[in-house]
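Some notes on the structure that comes next.
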Amino acid sequence: MATAVKEKPIWTFKVTGGHNSSTQSVATARGKSVIIDEPIPRGGTDEGPMPVEYVFMGLLGCTHVISNKLAHANGIEFTSMDIDITVKMDSHGTRLINPIDVPFPEVTLHIVAGYEGPRDGALQVVEKLRHHCAVSKMLQESGTRVTEHWTLNGEEIQTN
């Protein structure tokens, strides 16, 4: 039986990991381990996503979880949610060509969701998500333009 977590506004967590090869590492958080690897053309074994892909897998997960928290707070319930993320990456830094300030100039999320409850509650989720998802905030504050395109119950929602 799961126990409720007492939420703290400021908290510390830990990720550990290490070297498996020159392109592959393993990382562990809360006893869950993942392999981080490069594709074969880049000298890896392709046994796991690349480090940058994990960042955006985190954005997908954060978008999903925070959207559902916001939904609950605004009187709606998501019945489905599919998220596709497209990332533009400037790899001048990772290819050692020259250092850059913003490795991900643009990130676009396409979020298609079904919900039950008042439309105004769903629109509140759309308006507030970018301000509450920690991964999105991290990207925005680093100079990345994060754009969200929402479709709610088949209706395309205009966002800023």
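Throughout, numbering of the chain's residues begins at 1 and tracks the sequence. All heavy atoms count here, side chains included; hydrogens, waters and symmetry mates do not.
Smallest separation of non-hydrogen atoms from Tyr115 and Asn153: N-OD1, 2.8 Å. Among all heavy-atom pairs drawn from Cys62 and Ala134, the shortest one is SG-N, 3.4 Å. Nearest heavy-atom pair across Glu156 and Thr151 is CG-OG1, 3.8 Å. Scanning all heavy atoms of the two residues, the minimum distance from Met50 to Arg42 falls at SD-NH1, 3.1 Å. When every heavy atom of Ile157 is checked against every heavy atom of Arg119, the shortest pair comes out as CD1-NH2, 4.2 Å. For Val135 against Gly58, the heavy-atom pair with the smallest separation is CG2-O, 3.9 Å.
Under the 4.5 Å side-chain heavy-atom criterion for ILVMFWY residues, no single connected hydrophobic cluster contains both Ile66 and Val112. Residues Leu60 and Val126 share a hydrophobic cluster, clusters being chains of Ile/Leu/Val/Met/Phe/Trp/Tyr side chains in contact below 4.5 Å. The hydrophobic cluster containing Val26 does not contain Val34, counting ILVMFWY residues as joined when their side-chain heavy atoms lie under 4.5 angstrom apart, directly or transitively.
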Per-pair distances, 0.1 Å, donor-acceptor, side chain in residues 10-21, under 3.5 Å, sequence neighbours excluded:
| residue | atom | partner | partner atom | Å |
| --- | --- | --- | --- | --- |
| His19 | ND1 | Ser21 | O | 3.3 |
| Asn20 | ND2 | Gln24 | OE1 | 3.0 |
| Ser21 | OG | Thr23 | N | 3.3 |
| Ser21 | OG | Gln24 | N | 3.1 |

Can you give each donor-acceptor pair under 3.5 Å made by side-chain atoms of residues 103-110, sequence neighbours left out, with the distance rounded to 0.1 Å?
| residue | atom | partner | partner atom | Å |
| --- | --- | --- | --- | --- |
| Glu106 | OE1 | Arg145 | NH2 | 3.3 |
| Glu106 | OE2 | Arg145 | NH2 | 3.2 |

Residues 73-85, side-chain donor-acceptor partners within the protein, below 3.5 Å, at least two apart:
| residue | atom | partner | partner atom | Å |
| --- | --- | --- | --- | --- |
| Asn74 | ND2 | Leu70 | O | 2.8 |
| Thr79 | OG1 | Gly114 | O | 3.3 |
| Ser80 | OG | Gly114 | N | 3.1 |

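Applying the salt bridge (Lys or Arg N to Asp or Glu O under 4.0 Å) test to Arg95 and every residue at least two apart in sequence or in another chain returns nothing. Residues passing the salt bridge (Lys or Arg N to Asp or Glu O under 4.0 Å) test with Lys69, sequence neighbours excluded: none.
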Show your reasoning for whether side chain to side chain contact (heavy atoms under 4.5 Å, CB included) applies to Met89 and Thr94. CA-CA 10 Å; Met89 181 174 177; Thr94 58; 3.8 Å; yes
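Atom OG of Ser91 sits about 6.0 Å away from atom CD1 of Ile97, to the nearest 0.5 Å. Here the CG-CD1 distance, from Asp46 to Ile40, works out to 5.5 Å after rounding to the nearest 0.5 Å. With rounding to the nearest 0.5 Å, the separation of CD in Glu53 from CG in Asp37 is 10.5 Å.
Residue Asn98 places its CG atom among more than 12 non-hydrogen atoms of other residues, nucleotides or ligands, all under 6.0 Å distant. More than 12 non-hydrogen atoms from other residues, nucleotides or ligands lie less than 6.0 angstrom from NZ of Lys137.
A 4.5 Å side-chain heavy-atom check between Thr144 and Val102 finds at least one atom pair inside the cut-off. Counting heavy atoms from C-beta outward, Ile111 and Leu129 have side chains that approach closer than 4.5 Å. Side chains of Phe56 and Pro49 form no contact here, defined as non-hydrogen atoms less than 4.5 Å apart.
When atom types are taken as modelled, the side chain of Ser136 and the backbone of Cys133 share no donor-acceptor pair closer than 3.5 angstrom. Distance alone, capped at 3.5 Å, places no donor-acceptor pair between the Gln140 side chain and the Val146 backbone.
Applying the ring-ring contact (aromatic ring centres under 6.0 Å, His included) test to residues at least two apart or on different chains, none of the pairs has a partner in residues 79-103.
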